[in-house]
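In this chain, numbering begins with 1 at the start of the sequence shown. First listed ligand is number 1; within each ligand, the first listed atom is number 1. Since this is a predicted model, take the numbers as computed values, not measurements.
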Amino acid sequence: MEYLFIRYGQGKNSLLTVGKFFGLHLAAIMMLQIVLVARLPWLDRRIGMDRLTVWHRWIGFGLVWTLILHFTFIIVGYADLASQPPWDTFLSLAGVTASLLGMVAAVIILVVASISVRYVRRRLPYEAWHGLHLLLYVALGIGLVHQAFEGTTFDSTWATVYWWSVWGLVLAALLAGRVAVPVWRNLYHRFTVAAVVPESDNVVSVHITGQHLDKLPARAGQFFIWRFPGHHGWWRANPFSLSAAPNGRSLRLTAKAVGKGSAGLRNVPVGSRVFVEGPYGAFTTIHQTRPASLLIAGGVGITPIRALLEEPGGPTTVLYRVHTVEEAVLLPELQALAKARGAQLYVLTGRTGAGTPPNVPFAPANLAAAIPDIVQRDVFVCGPPAMTDAVVHSLRALGVPRRQVHAEKFSLA
Ligand SMILES: Cc1cc2nc3c(=O)[nH]c(=O)nc-3n(C[C@H](O)[C@H](O)[C@H](O)COP(=O)(O)OP(=O)(O)OC[C@H]3O[C@@H](n4cnc5c(N)ncnc54)[C@H](O)[C@@H]3O)c2cc1C
């Protein structure tokens, strides 16, 4: 791309050349952003959706700055060319369809970026934020028409063909990951609710059956995005991990009631259709580097850990952090699985920081005392974001190599 720009990208003055440089990079960043959220199975299995989403978030802010620079240099460049004030140039460019489309796309991107700032994001319901975020597809469409109308970026046919071929591949990846693969999987597997089993007052397991489930490339530790269209609105989609290793005949999710979507699972009718996207996630033993492992779960973060415990492997210890033993859902299953594979299972109770000395089971010294060979193990940790961060921090302090640490936070950026 840099070669194409240097060879064919000169503008009518140096300010416009810089403006075109930022415009080109803006489009390239957009392509990267699309690939990151295209939910391509091979990318997701290697990197994990949580990490891809974090990259998408930070690159998104880079995109906004590139957009501002592109806009500023183009306005100032044309103002310089026409020897008129930038505001007049802005108004005359707004009268040209190609530029106007670019401006509309820019406004949408800036609005979506402003609702993605952490302060605003935390205050918006997930569905509202997600709905507004989808406007970026509109901005993408308008931005593509803007590029096609402008058409002056490369003064060369083959450079133009190359550019649009790359865009074609990126859009094909988006359609494949977001539409074709999920639609095909749901038509092929015909997922249906087989049973709904309460695990406690606020936790429920949903068992799913379907056709050809032995062909579904899911692994213990992964999650799906689930929709129950007949019961919840079709637009409500929630990520839940598999709480049992897939066995080729059924899948199981176990959900804690947090909001409407998760609480409503208790009443999902048996026999109703389920629309599923996935499997996603890199929280699997594919990335395991050592024979021994330590599995750490916090609360309902036990779900993928419970599934991972079914995977064959070397010496294994499970630490299950809950406030009280009564909150420890799936405990009898975990005890049976641990016994069957000779793993140690410890339930760590109590409020963090309470008592003397304070109850901090995941402080580096306490972790090292509980698991003396921790540096020789792969550690899989899943729980609320704060707990997961604290454990990862302690593992770093203890010198556990990064490649041995696998974390799932139950939050996508
Ligand atoms: C990879 C992953 C795996 C998960 N696995 C489990 C599990 O096995 N068991 C379990 O109980 N919980 C799990 N969760 C958490 C679960 O997804 C949320 O608790 C649930 O979606 C809440 O939705 P709600 O409609 O009940 O509540 P809401 O009040 O609508 O949502 C509460 C919060 O949940 C998050 N959330 C809601 N919908 C989505 C979505 N579509 N995508 C991303 N985040 C969303 C948002 O942060 C939101 O603010 C997982 C989360 C992730 C990201």
**Q** Looking only at distances, can you tell me whether any N or O atom of Lys256, backbone or side chain, sits closer than 3.5 Å to an N or O atom of ligand 1?
**A**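 Between Lys256 and ligand 1 (N or O atoms, distance only) the closest approach is under 3.5 Å.
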**Q** Do Ala237 and ligand 1 have an N or O pair less than 3.5 Å apart?
**A**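 Yes; at least one N/O pair falls below 3.5 Å.
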**Q** May I ask whether Leu253 places a heavy atom under 4.0 Å from ligand 1?
**A**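 In this structure, Leu253 fails to qualify as a contact of ligand 1 - no heavy atom is under 4.0 Å.
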**Q** Any non-hydrogen atom of Lys409 lying under 4.0 Å from ligand 1?
**A**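 No; Lys409 lies far enough from ligand 1 that no heavy-atom distance drops under 4.0 Å.
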**Q** Could you check whether Phe283 and His406 have their ring centres less than 6.0 Å apart?
**A**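 No.
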**Q** Which of the atoms in ligand 1, numbered in the order shown and given with their element, are less than 4.0 Å from a heavy-atom of Thr303?
**A** 7 (C), 8 (O)
**Q** For the residue pair Arg123 and Tyr119, would you count it as a cation-pi contact if the rule is NZ or CZ under 6.0 angstrom from the ring centre and within 45 degrees of the ring axis?
**A**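 Yes, cation above the ring, under 6.0 Å and within 45°.
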**Q** Using only heavy-atom distances, determine whether the side chains of Thr349 and Arg321 contain a donor-acceptor pair under 3.5 Å.
**A**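 Absent: no donor and acceptor within the cut-off.
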**Q** I need the contact type for Phe223 against ligand 1. Using non-hydrogen atoms and a strict under-4.0 Å cut-off, is it side chain, backbone, both or neither?
**A**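 For Phe223, the contact with ligand 1 is made by the side chain alone.
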**Q** Looking only at distance, does Glu408 have an N or O less than 3.5 Å from an N or O of ligand 1?
**A**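 Looking only at distances, the answer is no, because the N/O contact criterion of under 3.5 Å is not met.
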**Q** Indicate, as side chain, backbone, both or neither, the part of Ser241 found under 4.0 angstrom from ligand 1 when only non-hydrogen atoms are considered.
**A**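 It is both parts that get close, each with some atom under 4.0 Å.
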**Q** Considering the heavy atoms of Val258, write down every atom of ligand 1 situated less than 4.0 Å from one of them.
**A** 19 (O)
**Q** So which atom in Leu398 and which in Ala368 form the shortest heavy-atom distance, rounded to 0.1 Å?
**A**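 Reported closest heavy-atom pair: CD2-CB, 3.8 Å.
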**Q** Answer with side chain, backbone, both or neither: which part of Phe410 has a heavy atom less than 4.0 angstrom from an atom of ligand 1?
**A**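 Both backbone and side chain.
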**Q** Tell me whether the count of non-hydrogen atoms from other residues, nucleotides or ligands lying under 6.0 Å of CZ in Arg190 goes above 12.
**A**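 Open: at most 12 neighbouring heavy atoms sit under 6.0 Å from CZ of Arg190.
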**Q** With distance as the sole criterion, is a donor-acceptor pair present between the side chains of Gln147 and Trp163 under 3.5 Å?
**A** yes
**Q** Examine Trp184 together with Tyr188 and report whether their ring centres are nearer than 6.0 Å.
**A**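 For Trp184 and Tyr188, the ring centres are under 6.0 Å apart.
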**Q** Side chain, backbone, both or neither: which applies to Arg236 and ligand 1 if a contact is any heavy-atom pair less than 4.0 Å apart?
**A**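 It is the side chain that gets close, since no backbone atom is under 4.0 Å.
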**Q** Is the distance between the ring centroids of Phe240 and Phe223 under 6.0 Å?
**A**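 No, the ring centres sit 6.0 Å or more apart.
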**Q** Distance only, no hydrogens: is a donor on one side chain within 3.5 Å (strictly under) of an acceptor on the other, for Thr303 and Ser243?
**A** no
**Q** List ligand 1 atoms under 4.0 Å from Gly261, heavy atoms only on the residue side.
**A** 24 (P), 25 (O), 26 (O)
**Q** Consider every N or O of Gly259 and every N or O of ligand 1, then say whether any pair is closer than 3.5 Å.
**A**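 Between Gly259 and ligand 1 (N or O atoms, distance only) the closest approach is under 3.5 Å.
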